[in-house]
Amino acid sequence: MVELRRAMSFGIPDVALDLVLAHIEHPRDRDAVSLVCRSWHRADARTRRHVTIAMSYSTTPAVLARRFPCLLSLKLKSKPRAAMFNLIPRDWGGAAAPWLARICQPSSFDLLRSLHLRRMVVTDPDLSLLAAVKAPLLLSLKLDRCDGFSTHSLSRITSACRKLETLFLEESIIEDHGGEWLHELATNNTALVTLNFYLTDLSFSPADLELLAQNCRSLTTLKISDHDISDLVGLFHAANALQDFGGGSFDDENGMAVNKYNNFYFPPSLQSLSLAFMATDEMHILFPYAAILKKLDLQYALLSTEDHCQLIPRCPNLLVLAVREVVGDRGLEVVAQTCRKLQRLRVERGADDQGGVEDEQGRVSQVGLISIARGCPDLEHLAVHVSDITNTALISIGTYSKNLFDFRLVLLEREVTITDLPLDNGVRALLHGCTKLGRFSLYLRAGGLSDAGLGYIGEYGRNVRYMLLGNVGESDRGLMLFAGSRPNLQKLELRSCCFSERALATAVMQLPSLRYIWVQGYQATPDGSDLAAMVRPFWNIEFISPNSESDADAQVQILAYYSLAGRRSDCPPYIRCIPPL
Amino acid sequence: MVKEEKESEQQQLDLSLKSAAPHNRYSQVPMSAPQPSKSQLTIFYGGSVCVYDAVPPEKAQAIMLIAAATAAASAIKPPAVNSNHIAPATGPATSASPSLTRSLSFQSSSAAAAAAAAQAQIAANPNSSLCKLQAELPIARRHSLQRFMEKRRDRIVSKAPYAVEKSSDGKEISVLESKPQVA
C-alpha cells in the first residue's frame, strides 16, 4: 500500500510537495493540482492559502471548512453587482452570519488572518464574535460595501485586534454612534498599514487620526470620510510614510478658501490622491505634488473642464485616473497628450445638468475616446460614460489599445440623435483587436446594436469571462446568434433587453462556461414559467418579483447560479425559486 | 402565372396553399391545373414553380414561418441600420399586425394564401415591434456617485438657499452662481 501511494505521488514526499505547492497560487493552477490524485488533493487542501468564493450561496461554510481547513485568507461575495446601483432589495439575502459562525467555531480555521466580505450583510453580533475569537491572529478585515452593523462592534474589533494591518470599510453603510472605534484603533495599534473608511459617513476626531499616524509608522494608505482637510494638517505632518490619501472635504466660503488651504502640506511620499469637494480655487494645492502622482481620483471633485485641462498637464506619471464626464473631450485630449503611461481610466457619469451645476463643455464623445486610444497604449482598464459615439471610436480602440483587459462603455441618454448607430462594426473590431480582453460591458439604447452585432459579440468575444450588456440586439434572434457562437462567458449580466424568457433560458443552456447570470428588464412571464427550459442539476434559479419594500426599479429580475449547496433557505417571500418544491 | 414584382429590392417568396385570400397582392394560381390534393405544397420563387406532394400541415407551416421571418427581417432591418432617430419608433412591423394565422385553410382559391403570407410576413418578428414599444429601463446610477450628487446639491443650497427657484423638487434647483465660476 505504501509503495502504491508513493507511486501515485510520483516519488515525491509530502513535505517536498507542500514546499513546491507553496509557490503555486493561481486558483486555476491549484484546481489542476487538486485533480491529480487524492494525495495531491490533500496537499492542496493543506497548503492553499487563499480562497475567493464569488457567490456565497454556491457552497456552504461546512464544505469550505472540510475542504480548506488551513486557509490564511478568505474572500466572500454575495449580493449581485447591481446592489451597487440600488437595484437589489435590501432583504435579498447575503448574510455573513453562517460564515462567521463557522469560522469562529473552536479549532476552526486556526490560521485565518485575513477576511474580506464584499456586498454582504454583517451584523454587530457577527463582528463581536469575530473580535472575541479571532483577535490574536486577525491581520486584515475588509467589510467592503457591506451593511447591517454599527460602530459599536467596530469598537470591539479595533480594541481587540491589536495586530490589525488593514481595516477596510469602503462604501459600507454603518450606523454611527461616534468615533470611539477610531480612538481605540489609534491607541491600541502600531501595525496599521491601511485604514479605509472612504465613502462612509462616519464621524471622527482629527486628533485620533493624528495619533494614529504618530503610532503607526507604516501607515501607507488612509482614506477617510468627509472632513475639512484644514483640520488634518497635523495628520499630514505626522504620516511620513503615507502614499495614498483619499476623502476629506473643502470648505465653501468664498475668498476665505484661498487663505485656508494655501501651501497645503502633503507628505512627499504621496503617490495617490483623491480629494473630495476640491474646487477650482483649491486645485493649486496639488501642483507641487502633481508630477509624482501615480493615481488621481477626481470623481468627487468640483472642477470644471478647464480646471482639468490645467491640472492634468502637470501629471505626466499618472497610471490611474478617475474623473467625471466634466473632463470633456478637451480634457481627454490633454490626458492623451500627457499621461502616456496611463493604465486605468474611468470617466464616470456626471449630473444630468439641471440648473447648470456641471460645466456645459463637460461631455465625452467619440472624439475623446479616439484621443485616448491613440495616446495611451498601455491602457488596461477603460470605463467611460459617453454622450455620443461612433464605430470609428471603437475601431480605434481595437487598433491601438492592445493591452486592454477591461472595457466598459455606457451610452447616456443625453442626446436624442447619436452620430453613428448601430455599433456593429465597431464592436466587432474592438473585440477582434483587443485580444487580451477579459471583461466587457456595453450599455446602449434601442438601435445601438443590431441582432447581427449581438452575434458579433458572441463570435469575437469568445474569451471574455464577464459581460454586462444593456439595450443590445433587436430580437430573440440576436440572443440566439450570440449564444450560438458559444462564447466562454462565466458571468453575464443583461439589462433592459427585449428578449423573451424562453430565449433567455435557451441561450443560458448554450453557453458552455456560464456559472452566473443576472437579468433585469426583459419580456417576463408573470411567474417565470418559461425559465423551466434552463432547469438543470446544481443550477439555482431565483425569480425576483418587484415588491413594495424593494429599492429596485419595479421590474422583475432573474438571478441564476451554480451551487453545490442546493436551494438557499433564506429567500424572502417575493423570490420564487424555480422549479418550485 | 404572372409574377408581378411589387418590391424590387427583395425577392418575394410566394407560398400558396391553394386557400382563399381577400386581397391578392401576389400572382394568380393557375386554375387550369388538376385538382390539388390536401397536402400539396406549391412554391413560386423567382419565376419558377415547385410542387410538393404529401407535405404535412406542421411542416408547411414551418416553411411559411421561416419564409415570413426572413422576409420580415429584411423588411424591418433597413430602418434600424440607417436610423439617425433613436426615439423609440415603431417599425413597419406594427403597421398591420394581425396575429399569425395558425389555421390553414385548404380551399382551392389562391387569395387566402397570399393573405396568410402577408400576415405571416408582418407578424413573424413580434419581438422587434415589442422591443420598440417597450420602455427602456433608465440607466441606473452608482450609489457612491448618487450620494456625491446629493451632497453637492446640499452644499449649493446651504450656501445660497434663497437662490433656489424651485425648491419643491430637489432635481430642479437652479442657483445664480454655480461653483466653478466663483472668482
Side-chain angles (χ1 to χ4, degrees), chain A residues 82-87 171 199 201 226 252 254 276-277 279-281 299-300 302-304 306-307 324 348-349 351-352 354-359 410 412-413 416-419 421-422 443 445-448 450-451 470-471 473-477 495-500 503 520-521 523 553 555, chain B residues 69 72-73 76-77 79-89 91 93 125-149 151-153 155-156 158-160 163-166 169-183:
Chain A
M84 299 191 295
F85 297 82
N86 300 322
L87 296 176
E171 220 180 316
L199 304 175
D201 287 324
D226 296 346
D252 229 351
N254 299 348
F277 300 106
T280 313
D281 292 338
Q299 289 176 96
Y300 309 104
L302 300 174
L303 302 180
S304 65
E306 178 59 33
D307 291 337
R324 290 194 316 277
E348 256 300 343
R349 179 180 175 186
D352 287 334
Q354 319 288 351
V357 175
E358 291 276 28
D359 198 309
V410 177
L412 294 168
E413 291 148 340
V416 172
T417 305
I418 300 298
T419 301
L421 288 183
Y443 204 112
R445 56 170 71 177
S450 75
D451 280 342
N471 285 319
E474 306 159 282
S475 72
D476 284 348
R477 184 173 150 262
R495 195 159 186 268
S496 187
C497 292
C498 56
F499 312 127
S500 67
Q520 185 186 43
Q523 291 180 48
D553 276 358
Q555 290 253 3
Chain B
I76 284 164
K77 218 184 208 149
V81 167
N82 297 333
S83 175
N84 280 324
H85 306 287
I86 311 299
N125 209 355
N127 274 335
S128 182
S129 51
L130 274 171
C131 274
K132 291 173 171 59
L133 289 172
Q134 195 177 25
E136 292 165 3
L137 282 175
I139 299 174
R141 278 199 177 278
R142 204 174 182 110
H143 179 77
S144 52
L145 265 299
Q146 195 158 345
R147 279 292 290 138
F148 166 71
M149 299 295 176
K151 287 181 190 173
R152 183 172 65 171
R153 261 202 307 270
R155 285 164 68 103
I156 294 174
S158 65
K159 199 176 71 154
V164 170
E165 285 182 6
K166 295 167 195 169
D169 183 343
K171 281 186 200 153
E172 289 175 285
I173 291 173
S174 81
V175 290
L176 299 179
E177 73 256 292
S178 55
K179 182 72 185 166
Q181 282 141 30
V182 169

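Letters A, B, ... mirror the listed sequences (proteins, then strands); counts begin at 1.
Residues A:Q299 and B:L145 meet the side-chain proximity criterion, which asks for heavy atoms closer than 4.5 Å. Within the 4.5 Å cutoff, the side chain of A:D226 has heavy atoms near those of the B:K151 side chain. Put simply, the side chain of A:N86 does not reach to within 4.5 Å of the side chain of B:R141, judged on heavy atoms. Side chains of B:I139 and A:R495 form no contact here, defined as non-hydrogen atoms less than 4.5 Å apart.
Heavy atoms only, all atoms of each residue included: A:G521 and B:L137 are closest at CA-CD1, 3.8 Å. The nearest pair of heavy atoms linking A:A351 to B:R152 is CB-NH2, 3.4 Å.
Annotation: ring pair (Phe, Tyr, Trp, His ring centres under 6.0 Å) contacts of A:Y443 (sequence neighbours excluded): none. Residues satisfying the salt bridge (charged side-chain N to carboxylate O under 4.0 Å, His left out) test with B:R147, not counting sequence neighbours, are A:D201, B:E150.
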What do the steps show when you test B:M149 against A:R324 for side chain to side chain contact (heavy atoms under 4.5 Å, CB included), and what is the final call? CA-CA 11 Å; B:M149 299 295 176; A:R324 290 194 316 277; 4.0 Å; yes

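Separation of atoms CE (A:M84) and CZ (B:R142) is listed at 4.5 Å; rounding is to 0.5 Å. Rounded to the nearest 0.5 Å, atoms CD1 (B:I156) and CG (A:L302) are 8.0 Å apart.
Between A:F277 and B:F148, the ring planes are tilted. Angles from 30° to 60° get that label.
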